[in-house]
Amino acid sequence: MQLSEALARTHITRLTEFTCLADVLEPELIQSCLDSQGVATLRRRKLPMDAMIWAVIGMALFRGESVRSLINKLDIVLPQEIDYVARSAVTQARKRLGSEVVREVFSRSANTWHARAEHPHWCGLNLYGVDSVVWRTPDSVQNQAAFGRTANASGEAAYPQIRMVCLMELSSHLLVNSAFDSVVENEMNLASQLISSIPNHNLTLFDRGFYSLGLLHAWQQAQPNSHWLLPLKKGTQYEVVRTLGKHDQWVKLTTTPQARKKWPQLPDTLEARLLTKTVKGKSVAILTSLTDPMRYPSEDIVDLYAHRWEIELGYREMKQHLLESRFTLRSQLPELVFQELWGVLLAYNLIRYKMLLMAKSLPSVHPNQLSFRDAASHIIFKLTQLSSQTPGNVPRDVLDIERNARQFKLDGKRERAYPRILKMSKNKFPVRSKKNAVHS
């Protein structure tokens with residue numbers, strides 16, 4: 001049985017509206033994106049374009065398989081006289097598909113899944129996070145020309161690299177949007193490409209490296225109720241307008257001519273709220289646009305920043321669990337690298353949305369309290385069984401994932417058993433062992 005047929009026959013009646021696997025990523029949505037980008041299968045091919053969408057997703061779900069073998073595993077080859085495809089045919093099919101179609105499938109599905117979800121909020125605001133991550137690509141001639149390399153005193157990185165910035169809902173780890181380019185691109189420039197995707201009623205948590213008054217002002221102006229929060233960058237100059245309470249100040253920040261030139265809508269000054277708190281003996285200063293002390297109490301604002309680590313956990317889930325710590329991407333061509341990355345993000349969102357539906361069956365459990373590694377392994381295993389299952393057994397197997405959601409619940413965060421210590425830096429010079437040392 002082909003994957004598309006299994007998807008069509010998998011009917012489940014659930015309060016979560018998860019009626020079949022195809023409801024997670026509807027075939028109509030895929031076809032609409034193909035039509036929108038002008039990508040269509042004009043004649044009967046062994047690898048139709050809608051099936052290649054699943055092949056790109058499968059590249060992330062089945063990281064240990066070659067692209068040609070996973071196509072056979074997913075059973076998406078149209079039956080013809082010869083039931084296998086050559087490696088060159090797979091590459092040609094991926095080139096015909098391109099990256100923009102996969103990007104649009106990701107964007108539309110992300111919007112749909114966020115609209116269906118009911119995220120928890122703080123003071124009427126949903127929590128989002130923005131951070132960057134670096135991916136490395138194969139060292140091909142084309143990738144070397146298109147992407148840069150990080151460098152330090154010891155030299156350049158061995159692989160061309162891509163810098164990615166994502167906007168993530170922190171309670172579900174669902175990605176809203178992403179922007180990526182060569183590693184030489186500034187992460188704040190990439191973050192500015194996400195402004196059009198900002199949902200309303202949001203509080204976005206940034207790392208201190210994203211301190212840019214132009215970016216923060218544009219972020220706040222994107223929606224009527226959009227806010228930001230980040231640690232105060234060392235050396236930041238500000239003027240105290242008035243004191244709102246203990247360790248709570250209203251401050252004024254002066255923008256630079258260079259920033260106003262880059263961001264024409266940026267005013268001469270910005271007003272923000274500065275809160276300080278001692279956490280584990282260390283003073284923490286947080287700068288935020290939540291300037292209303294009555295609506296947003298100061299007691300909890302500083303503690304909110306700890307939730308920013310959820311996006312770091314999301315990146316770890318992608319790299320270590322989903323891609324099995326195979327940190328170098330597969331594709332040899334820049335366009336296919338972009339396609340592969342959109343496929344990784346789409347596959348991650350597919351699993352995360354499924355986990356969101358799992359969490360609904362458990363009382364007082366959020367999706368980020370489920371084990372991504374265990375849930376992803378279970379879901380991927382069930383996908384591999386679709387082609388061997390009879391249509392009557394597929395609903396039972398898919399239901400089993402949600403019925404047994406409790407087994408994926410995490411016990412809670414453990415306290416650190418040992419304190420953090422400063423490790424000795426690596427010595428770039430050879431060290432003579434004691435065994436071979438010459439004693440005078």
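Residues take their numbers from the sequence shown, with the count starting at 1.
The heavy-atom pair separating Ser178 from Met164 by the smallest distance is OG-CG, 3.3 Å. Here the shortest heavy-atom pairing between Pro138 and Gln332 reads CB-NE2, 3.5 Å. Smallest separation of non-hydrogen atoms from Thr243 and Asp248: CG2-O, 3.6 Å. Summarising the geometry of Asn368 relative to Leu170, their closest heavy-atom pair is ND2-O, 3.5 Å, with the distance given to 0.1 Å. Contact record, Arg94 with Ser331: NH2-OG, 3.0 Å, taken as the closest heavy-atom pair. Counting all heavy atoms, side chain and backbone alike, Ser182 lies closest to Gly148 at OG-N, 2.8 Å.
Side-chain atoms of Tyr128 and Ile198, non-hydrogen and from C-beta on, never get closer than 4.5 Å to each other. With contacts defined as side-chain heavy-atom distances shorter than 4.5 Å, the pair Ile195/Leu215 qualifies. Using a 4.5 Å heavy-atom threshold, the side chains of Val176 and Leu194 count as separate. A 4.5 Å side-chain heavy-atom check between Ser36 and Arg108 finds at least one atom pair inside the cut-off. Side-chain contact between Leu346 and Val56 is absent, with no heavy-atom pair separated by less than 4.5 Å. For the pair Leu356/Trp113, no side-chain contact is recorded, criterion being any heavy-atom separation below 4.5 Å from C-beta on.
Looking at Thr255, its side chain does come within 3.5 Å of a backbone N or O of Asp268 through a donor-acceptor pair. Distance alone, capped at 3.5 Å, places no donor-acceptor pair between the Ser32 side chain and the Glu28 backbone. Remark: side-chain polar atoms of Ser298 are not paired, donor with acceptor, to backbone N or O of Pro293 under 3.5 angstrom. At least one donor-acceptor pair under 3.5 Å links the side chain of Glu335 to the backbone N or O of Ser99. For the pair Gln369 (side chain) and His366 (backbone), a donor-acceptor distance under 3.5 Å is present. At distances below 3.5 Å, not a single donor-acceptor pair connects side-chain atoms of Glu239 with backbone N or O atoms of Val241. Checked by atom type and distance alone, the side chain of Ser377 never pairs as donor or acceptor with a backbone atom of Asp374 at under 3.5 Å. In this structure a side-chain-to-backbone donor-acceptor pair under 3.5 Å is present from Gln339 to Gly98.
No donor-acceptor contact under 3.5 angstrom links the side chains of Thr254 and Gln237, judged on distance only. Remark: the Arg163 side chain and the Ser132 side chain contain no N/O donor-acceptor pair separated by less than 3.5 Å. Under the 3.5 Å distance criterion, with hydrogens and angles disregarded, no donor-acceptor pair is assigned to the side chains of Thr291 and Arg273.
Taking Trp250 as the reference, Glu271 meet the side chain to side chain donor-acceptor pair (under 3.5 Å) condition, with sequence neighbours excluded. Partners of Glu317 according to the side chain to side chain donor-acceptor pair (under 3.5 Å) rule, which considers only residues two or more places apart in sequence or in another chain, are His173, Tyr348, Arg352. Asn143 pairs by the side chain to side chain donor-acceptor pair (under 3.5 Å) definition with Ser140, not counting sequence neighbours. Tyr305 is linked by a side chain to side chain donor-acceptor pair (under 3.5 Å) to Asp207, Arg308, counting only residues two or more places apart in sequence or in another chain. Looking at residues two or more places apart in sequence or on another chain, you find a side-chain contact (heavy atoms from CB on, under 4.5 Å) between Gln37 and Val39, Glu100, Val101, Arg103, Glu104.
Taking OG1 of Thr204 as the reference point, atom CG of Asn126 lies at 10.0 Å (rounded to 0.5 Å). Interatomic distance, CG of Leu167 versus CD1 of Ile311, reported as 7.5 Å (0.5 Å rounding). Note: Arg330 CZ to Leu323 CG = 9.0 Å, rounded to the nearest 0.5 Å. Taken from OH in Tyr211 to CZ in Phe206, the straight-line distance is 13.5 Å, to the nearest 0.5 Å. Interatomic distance, Leu203 CG to Cys123 SG, rounded to the nearest 0.5 Å: 9.5 Å. Once rounded to the nearest 0.5 Å, the distance linking NE2 of His114 with CG of Asn349 reads 6.5 Å.
Aromatic ring centroids of Tyr315 and Phe372 lie 6.0 Å or more apart. You'll find the ring centres of Trp135 and Tyr159 outside the 6.0 Å limit.
Evaluation of the side chain to side chain donor-acceptor pair (under 3.5 Å) test over residues 225-236, restricted to residues two or more places apart or in two chains, returns His201-Asn225, Asn202-Ser226, Gln220-Trp228, Asn225-His227, His227-Ser289.
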Chi angles and distances behind the side-chain contact (heavy atoms from CB on, under 4.5 Å) call for Leu34, Leu97: CA-CA 8 Å; Leu34 290 170; Leu97 181 65; 3.9 Å; yes
- request: Begin from the C-alpha positions of Gln193 and Val165 and carry the test side-chain contact (heavy atoms from CB on, under 4.5 Å) through to its verdict.
  value: CA-CA 9 Å; Gln193 300 178 28; Val165 175; over 6 Å; no
- request: Apply side-chain contact (heavy atoms from CB on, under 4.5 Å) to the pair Leu230 and Leu216, showing each step before the final yes or no.
  value: CA-CA 10 Å; Leu230 79 171; Leu216 298 177; 4.0 Å; yes
- request: In sequence, state the C-alpha distance, the side-chain angles, and the governing distance for Tyr353 and Phe106, and then conclude on ring-ring contact (aromatic ring centres under 6.0 Å, His included).
  value: CA-CA 12 Å; Tyr353 181 64; Phe106 167 83; over 10 Å; no
message: Checking Tyr238 against Leu270 for the side-chain contact (heavy atoms from CB on, under 4.5 Å) test, could you report, in this order, the C-alpha distance in whole Å, the side-chain angles of both residues, the deciding distance, and whether it holds?
response: CA-CA 10 Å; Tyr238 59 87; Leu270 285 181; over 6 Å; no
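For Arg63 and Glu340, the salt-bridge test passes: some basic side-chain N is under 4.0 Å from an acidic carboxylate O.
For the side-chain contact (heavy atoms from CB on, under 4.5 Å) with Leu287, the lone residue among Leu229, Leu275, Val251 that qualifies is Val251.
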